[in-house]
Structures are given as C-alpha cells and as structure tokens.
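Report on the structure given below.
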Amino acid sequence: MAIGFKIHPRARTVEPATVDKFKAIAVANISDSMNRMGHGGPRLRPLHAGGVMAGVALTVRTRPGDNLMVHAALNRAKAGDVLVVDAGGDLTNAIVGELMLSHAQQVGVAGVVVNGAVRDYGWIRSGAFPVYAAGVTHRGPYKNGPGEVNATIAIDGMVIEPGDLIVGDDDGFVCVPFDQAEAVFAAADAKQQGEAKTMAAIQAGTVDRSWVERALAEAGCEGV
C-alpha cells in the first residue's frame, strides 16, 4: 500500500447550477453566513488582476516544494474545477507557474489555490485567471512525489473535501461544504440583500445607527 501517494476517485461534486448562483455572492457574506468559522487564512491572497472564482474542489496534498501530484491532478481536471493545493504553506519552491496555469486555464479550470508559493507573478497579475497563493518565488519545484489527489485537506483549519464548493474574490477564498451549499446560499443571499438595503439608506442619509448606542449601553459602557 502506497500510503500518502495515491490518486483517489472523486465521489461527489457540487452541481453547476449551484456554482453559478454563488458567483453573485461576496465571499465576506458567505463567510459571515457560516458564522465566520470558515476561512483559508489571511496569507492566501488573490494574485490575479481581479474577478470572481467559483467551482468544484479538486484537491491535492503534496510535500513542500514538489508538484508531481499537481500535474497528476491537472491531467484529471474537468471544466469548472478549482485546483486546491496544500503544499504545507512552505514558500521555498514555487508549486505552479505560467505554463501549468496556462494549461489549467486552457482545459477550463475555474481557478487555482496554492497553500505555498507560485512564480511568474507578472503573468498572473496581468490576467483574470484566478490564482490564490501564500507567496511568490522564482525557485522551481521538484517532481518526485509523494502526495495525494482528491484527498481531504486542511488550510489554516479550513477542511476541504473533494467536490466541495470553492468561492473566491478580492477578499480571499472560502470553502462551502458540499452538503451545506444550499443552506449557505440562502443565508448569504439574504445577508447580501440586507446589505444592499443598508447601502441604499447610507446613500440616502437615512441609515439607522441607534443599534450602536444600544450595544454600548447593554455592555455597560460608561458615558453613554
């Protein structure tokens, strides 16, 4: 048995219609609707020119500095997948660069997330193809393995199962568990609509800020 060196099947995927619905929802509203408990860590930032990422998690766990299993995942990627790579957060070697990212884009991958480093930053930042990573380095990867494709991974405590929903924007990215997608969408959509009403009141000069004073009084703030 090759423990830690295996390509697993992906048994489930979020439906394309569900993915499309989430494209209109801000990551902050999704996060708030999950009680702010799901996050990919503040180090993993969007490096591309901007835009929304939404798709189905194709997960990779690899040893730091090695991308053999990332190549294996790319050979199995389907249109609409988001390649999510846990490389241990190590920034010594880049896991992907322009060539691999170009191939991912060509086969329809919806975005790439790397808990580690990338290279060819100039190419990444000039384009709209979504790339999230913890850092940038010119030093290239090794290609020896081991690693796993379609394994459960965790990035800064956020557990990601293959087939989960991954959504990203300028604030970062979040994982919505497969079996919670519809409930999270309903909550996040309601929150987003509520924020739209608040913004309209702000612009009209009619926003109600009385809740602040009530919160201060209830907390026992002196001088309220």
Side-chain angles (χ1 to χ4, degrees), residues 5-14 16 19 22-23 27 40-41 43-48 51-91 93-121 123-124 127-136 140-143 145-156 158-169 172-178:
F5 199 9
K6 184 175 182 179
I7 297 171
H8 303 271
R10 186 169 63 181
R12 61 184 192 175
T13 60
V14 173
V19 174
F22 272 89
K23 291 178 181 178
V27 165
R43 290 201 311 150
L44 272 70
R45 305 304 308 148
L47 302 182
H48 54 292
V52 174
M53 173 181 72
V56 178
L58 172 59
T59 61
V60 181
R61 179 191 293 124
T62 185
R63 73 179 179 94
D66 193 288
N67 74 356
L68 176 61
M69 298 310 283
V70 183
H71 281 283
L74 274 178
N75 281 359
R76 292 158 176 81
K78 298 179 180 179
D81 284 348
V82 173
L83 186 61
V84 188
V85 182
D86 179 12
D90 184 81
L91 304 181
N93 300 79
I95 298 299
V96 298
E98 179 180 356
L99 294 179
M100 291 180 73
L101 293 169
S102 294
H103 178 70
Q105 187 175 25
Q106 194 275 332
V107 300
V109 169
V112 174
V113 177
V114 180
N115 185 20
V118 298
R119 64 179 178 180
D120 301 318
Y121 176 53
W123 182 88
I124 295 170
F129 182 65
V131 178
Y132 294 74
V136 176
Y142 299 99
K143 294 175 170 59
E148 294 182 272
V149 176
N150 283 326
T152 301
I153 63 174
I155 298 178
D156 275 10
M158 182 172 68
V159 176
I160 303 172
E161 301 271 5
D164 284 346
L165 174 65
I166 304 296
V167 186
D169 62 17
F173 80 100
V174 67
C175 173
V176 180
F178 173 86

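For the single chain, residues carry numbers from 1 onward in sequence order. Only this structure's heavy atoms are used, side chains among them; waters, hydrogens and symmetry mates stay out.
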Q: Go through the structure and list residues passing side chain to side chain contact (heavy atoms under 4.5 Å, CB included) with V19, not counting sequence neighbours.
A: V14, K23, A54, V56, L165

Q.
Tell me the closest heavy-atom pair linking I160 and F173, and the distance in Å.
A. CD1-CE1, 4.3 Å

Q: Return the minimal non-hydrogen interatomic distance between V85 and I155, and the atom names on each side.
A: O-CD1, 4.5 Å

Q: Considering non-hydrogen atoms only, spot the tightest contact between H48 and Y132 and give its length.
A: CE1-CE1, 3.7 Å

Q: Locate the shortest heavy-atom distance separating A151 from T59; write the atom from each residue and the value.
A: O-OG1, 2.6 Å

(Q) With rounding to the nearest 0.5 angstrom, report the CD1 to CZ distance, I7 to R76. (A) 3.5 Å

Q: For L91, check side chain to side chain contact (heavy atoms under 4.5 Å, CB included) against everything at least two apart and list the hits.
A: R43, A117, A134

(Q) Test of understanding: with side-chain hydrogen bond (donor to acceptor under 3.5 Å, both in side chains), list the residues that count as partners of S102, not counting sequence neighbours. (A) none

**Q.** Sequence-distant partners of R119, salt bridge (charged side-chain N to carboxylate O under 4.0 Å, His left out), two or more places apart
**A.** none

Q: For D164 and A57, indicate whether the former's side chain and the latter's backbone hold a donor-acceptor pair under 3.5 Å.
A: no

Q: For atom OH of Y142, decide whether the heavy atoms of other residues, nucleotides or ligands shown that lie under 6.0 angstrom number more than 12.
A: no

Q: Could you grab the distance from atom CG of L44 to atom CE of M158, nearest 0.5 Å is fine?
A: 8.5 Å

Q.
What's the separation between atom CG in D120 and atom CG in L99, rounded to the nearest 0.5 Å?
A. 7.0 Å

Q: Can you see which heavy atom on H8 is nearest to which on N150, and at what distance?
A: O-ND2, 3.2 Å

(Q) Quick check on side-chain contact (heavy atoms from CB on, under 4.5 Å): which of T152, I153, V113 does D86 satisfy it with? (A) I153

Do any side-chain atoms of residues 62-72 form donor-acceptor pairs under 3.5 angstrom with protein atoms, and if so which ones, sequence neighbours left out?
| from | atom 1 | to | atom 2 | distance (Å) |
| --- | --- | --- | --- | --- |
| T62 | OG1 | D66 | O | 2.7 |
| R63 | NE | G145 | O | 2.7 |
| R63 | NH2 | D66 | OD2 | 3.3 |
| D66 | OD1 | L68 | N | 3.0 |
| D66 | OD1 | N144 | N | 3.4 |
| D66 | OD1 | G145 | N | 3.0 |
| D66 | OD2 | N144 | N | 2.7 |
| D66 | OD2 | G145 | N | 3.1 |
| N67 | ND2 | I95 | O | 2.9 |

**Q.** Test item: N93 side-chain N/O and P141 main-chain N/O as donor-acceptor pair under 3.5 Å
**A.** no

Q: Please examine the side chains of L58 and V84, heavy atoms only from C-beta on, and report whether any two atoms are closer than 4.5 Å.
A: no

Q. What are the two closest heavy atoms between A110 and G55, and how far apart are they?
A. CB-CA, 4.5 Å

Q: Could you pull out all residues at least two apart from F129 that satisfy side chain to side chain contact (heavy atoms under 4.5 Å, CB included)?
A: L101, A104, Q105, V109, V112, V131

Q: Give a yes or no on whether K78 atom NZ has more than 12 heavy-atom contacts from other residues, nucleotides or ligands under 6.0 Å away.
A: no

